[in-house]
Each structure stands twice: as C-alpha cells, then as structure tokens.
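Scroll down for the structure; my scribbles are underneath it.
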There are 2 protein chains.
Amino acid sequence: MSSLSTEKLKPFLDKLEAHSSLNRADCAAFEQLPFSFERVAAGSHIAREGDPAATFCGMVSGFSYRYKIVAGGGRQIVSVQVPGDFLDLQSAALGMTVYSVQMMTPGEVATLPAACLERLADRHPDLHRALWRETLVDASIFAEWVTNIGRRDARSRIAHLLCEFAVRLQQCVSPPAPCFLLPMSQEQIADATGLTPVHVNRTLQSMRHSGLIRTQKRQVIIDDWNQLMRVGDFDPAYLVALPPVGLAIPLHQSV
Amino acid sequence: MSSLSTEKLKPFLDKLEAHSSLNRADCAAFEQLPFSFERVAAGSHIAREGDPAATFCGMVSGFSYRYKIVAGGGRQIVSVQVPGDFLDLQSAALGMTVYSVQMMTPGEVATLPAACLERLADRHPDLHRALWRETLVDASIFAEWVTNIGRRDARSRIAHLLCEFAVRLQQCVSPPAPCFLLPMSQEQIADATGLTPVHVNRTLQSMRHSGLIRTQKRQVIIDDWNQLMRVGDFDPAYLVALPPVGLAIPLHQSV
DNA sequence: CGCGCGATTGAGCACTATCAAGAGCAGTGG
DNA sequence: CCACTGCTCTTGATAGTGCTCAATCGCGCG
C-alpha cells in the first residue's frame, strides 16, 4: 500500500526535484505526508473561489482547470492542469482560494491538509524552494496567457494553447503519447482563450483546412508542429524547468 | 546613511510582515542586505526578457510595468508595479527573466544580487514564506488580468484596471492621495488591457461623460467609486493581504 | 429509441481595430 | 522669445474580427 502511494507521488517529487536538489530526508518527508487519494468524476469541483483553502491537492491522473466567473456570467479558464501538477498550491500557501478548480476529465487527486504543507516547508528549505518555484512557473504561465489573450488573434491564441499543452503533456505522459489528446470541449477552449464557442469552432475548422491539425471527438492530432508553433507565436521558454526542447519527440504521428 | 536606507526599505519590510510574522532577526537580516539604491529615468529598462536574472530589485519610488512582445510587434503589459513592490522577484527566484521590466515614471530602485536573496531565504523560513506569498499575490493578479482581458468589454477592463490601481495606491501612498494619480499614457493603458490606444481614448471619453471619472493630463480622478467598481466588476479579494476594505478612504475628493 | 450535450452552420450585427490627420503641449535650441 | 520637434491625445471614416441568436446535426448513453 505504501509503495503504491509512493508510486503515485513520484511525478510530484520528480517535478520538485527538477526545481531544487533534494536530499534523501527531503524526499522521505514528502513521501510520508498523509496524502489521501481519491477518484473524482469529470466536472466535479476540487475547490471553489472564496473557500478558506484548508487542503492542498495534486493531480495523480486526469486533467483539470482553474476558472473565474465574471459579472455577466461569463467564465474564464485561467489555467489547465495535467497529471503531476499541483491544483491549488497557490491557494494553500496563500490561505485563500482565488479561483475555482474543476475536473475536466475523471481522474485521481492526492489531498493533504494545508497545515502539513506549512510544516514541511519550514523544516525543509530545499522543498520550500521547490514548491515556491513551482508556483513561479504557474505565474509565468499566467503572464503568458495574459499576453496570449490580450495581443493575439483567435487563430494564434488557439494554436498557442495547443502548443503549450503538447509540451506539458510530453512532460507528464510516459511514454510520450503517439498523438496528442486534448480533452477539452470547444466551449472550454473558448473559455480558456477568451473567445466564444462558435468562433472556436470556425477557427479550428480553418486550422484543419490549413493542414495544421486534425480533430476527432476531443482529440487533437498535430499535423504540422513547426507551423503550429509559428502560427501560435510559441516559445516554450516561459514553461521553464523543461528539458531543453521537447520538440524532438514526434507529436505528429498519426493514430 | 544606514538609517536612510533603512527608511527606504521600510515599505518592503512592512509588506513582508503583512504576509508572515517576522522576528527581530528576520527584519535585521533583511535590512542588512547589501542593497544599492539607484535613480532611474522614465522608460529605462530594469530587465529584459531572456536575461539571466542576476539581480533582484524593489521599487522605492515611481511606477513600472512588466511586458512581453508578441510576433506582430505588439506589446502586452502584464502587470504594473507601485512603490513598495518587488520588480522581478519571480525572475530572481526562478533564475530566468520571463518578461521585460521598464520604468513608467522616473523613480528609485533598490537592487540586490540574486544570490543574497537565496541565502536569506534558506536561513529565514519566515522571510522565505513571506517572499513566496508576495509572488503568490502577483500570480493572483495575473489570473485576474487573464479574466479581465479575456471576458470583459473595453469599458469594464479599463474600469477594473483603475480600481486595482486605486486600491494598490492606497496601500503604498501615505498619506492617502486626495486624488488618484494614474501615471499611464493611454497607449500604456491600451497595452495593459489588450485594446488599441484609439479605443482606450474613446472609452475614457465615454466614462468621463458618464461621470465616472475625470482626467487631466495623466491624472485620473475617480468621481464615482462605487459605480466604477460596478462597471469594472471589481472585487478586491484577489489582491489578498490587504486591510479589510480600502474603500473607506475617499477616493473621489476633487483636486 | 429518445434524450442531451457538444459540434456545426447561417445570417446579421457590434465592438474594436485600422488608417489618417489634426490639435495641444512640453522641451529644445536658435 | 519664438520656431521646431516629438509625443500624446483627439477625431473621423471605414473595415473587419469576433459575437449573438437560432437552428440543425451527430453521437454516446440510459
């Protein structure tokens, strides 16, 4: 049982180690945290904006997103999480929930009381730093999204989103997926890019006709990675802490 | 001389103390950091995207912004800093510069080698936490900007920006300014909201005609704070760590 | 087989961008 | 003291990207 949970925590530790060199004690301390694992359904909420933020979650499997609601009822997805990502580290460290977190697909999350996190950080400076840096990468992605939504047209925005996904998925999926599965509905893509579902639909069609991508159900296959990067004005530098370049792995293999 | 620099560092310490209770040793350690102070002109760059990020800066006086450039040459301002803010804490902690930082007005910055910051964090967990939280507030603001740009129309976006400013200025200006000085050109507002300068101009005019604000040169006077908050769909919660509500202080006094 | 959500399509409109030119103002130099 | 220069703000006309409303289609699921 213990080895099973260790196995599930591995992606998180790997990620933290990429940020800061951790010694055995650090790793052991992390693995011995009283995480509880739970299967969650698509659409279920992990947290809601305004909640007190008493826990801290990591995503073992599945995809999720963070969103905010505006006055008119509109929804803005502000980030997407893939397996190995922390869902609400910011909220936990801040003590308040500044956005809602919802599952995009069914999956499994690891949950921890926020107080444990605090104690861990105090006793393990290297882990502390790694956790900090993890939130900094998140912030860097936010800044890129501001730029993406503020200064690019629909086609570029969507292309950029797809590129970001592709790179981040390469990180967490092993072995690298032969094709690139995007579990987002067009409405979710719209909410993530500041567009409307209708316009996303038309833009995706146009991208298909240009030979950039193919789609089947909620699966996107990237046909022309280089062109997609160009269209999306995509430079993976903002994702930080990534292996030099992820482009070597063929993303364009067909199903 | 030492007391002068202590004076200049006070806003930073105040801010950090709001995040995490610091003991005497923490404060002393921070004050004794080898900051160097420097006057900088409007428009001068503090950092450029892609730089190695060897230093860490705080803003003693003046205003600055962080921006990114996109393929077409467009500029997106991703955040604005007021006195007492750290300019590139994220970059320093991350070891790479993910956006450029430029002065909006003349001002004075306090600079420190990034390595000092690292040592400080390792030895002072409470300071470490405070610095972390400071970047989390930044991230929270980024997320709000994503929402603002992605899901609000021009009028709301600008109103929201003004509201954010007003609240953050109340924090750092003492005594509270009788009117609210916005040192941004319309072009800068445009780059911060994802609009064009022309459209910002027209929207500001419309807001003036509605009695929301007045402008003189680069100064904005808020005439109807409550209405402006409503128009901007503004809820200061995302700014965190603020005194309960900043609205008590009259922002609408005339010049 | 019917239900329901997501994808698709069409028509018309609105918000915002683009292009271009003029006005106000501050700093500079003759 | 007065052009000169450059920047920001302002205004007009026009175009276009993306939105709204509405209906249809396709498909998985009970």
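Every chain is numbered from 1 and lettered A, B, ... according to where its sequence line falls, protein lines coming before strand lines.
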Exercise. In whole angstroms, how far is the C1' atom of dT8(C) from the CD atom of Glu187(A)?
Worked result: 14 Å
Exercise. How many Å lie between CE on Met104(A) and P on dG6(C), as a whole number?
Worked result: 13 Å
Exercise. Does Val80(A) offer a backbone N or O that forms a donor-acceptor pair with the side chain of Arg168(A) under 3.5 Å?
Worked result: yes
For this session: Answer with yes or no whether Arg202(A) presents, from its side chain, a donor or acceptor under 3.5 Å of a partner atom in the base of dG10(C).
Result: yes
Exercise. How close or far is atom C1' of dG18(D) from atom CZ of Arg157(A), stated in whole angstroms?
Worked result: 9 Å
Exercise. Rounded to the nearest 0.5 Å, what separation is found between the CG atom of Asp233(A) and the CD1 atom of Ile69(B)?
Worked result: 10.5 Å
Exercise. Please, which pairs that meet side-chain hydrogen bond (donor to acceptor under 3.5 Å, both in side chains) have at least one residue in residues 45-55 of chain B, sequence neighbours excluded?
Worked result: His45(B)-Arg48(B), His45(B)-Tyr67(B)
Problem set entry | Spacing of Met184(A) atom CE relative to dA7(C) atom P, expressed in whole Å | 11 Å
For this session: Identify, residue by residue, the members of residues 189-201 of chain A with a heavy atom below 4.0 Å from DNA chain D, and return them in order of residue number, or none.
Result: Gly194(A), Leu195(A), Thr196(A), Val198(A), His199(A)
For this session: Considering only NZ, NE, NH1 and NH2 on the basic side and carboxylate oxygens on the acidic side, decide whether Lys15(B) and Asp85(B) come within less than 4.0 Å.
Result: yes
Exercise. OP1 or OP2 of dT11(D) less than 4.0 angstrom from a side-chain nitrogen or oxygen of Gln205(B), does that happen here?
Worked result: yes
For this session: Output the single nucleotide from dG6(C), dT10(D), dT16(C) whose closest atom is nearest the side chain of Gln186(B).
Result: dT10(D)
Exercise. Quick check: does any side chain N or O of Gln102(B) sit under 3.5 Å from a backbone N or O of Gly43(B), one acting as donor and the other as acceptor?
Worked result: yes
For this session: To the nearest Å, give me how far apart CZ (Arg151(B)) and C1' (dC19(D)) are.
Result: 11 Å
For this session: Give one of base, sugar-phosphate or nothing for Arg208(B), where a contact means two heavy atoms less than 4.0 Å apart.
Result: sugar-phosphate
Exercise. Nearest heavy-atom pair of Met184(A) and Ala192(A): which atoms, and what distance?
Worked result: CE-CB, 4.0 Å
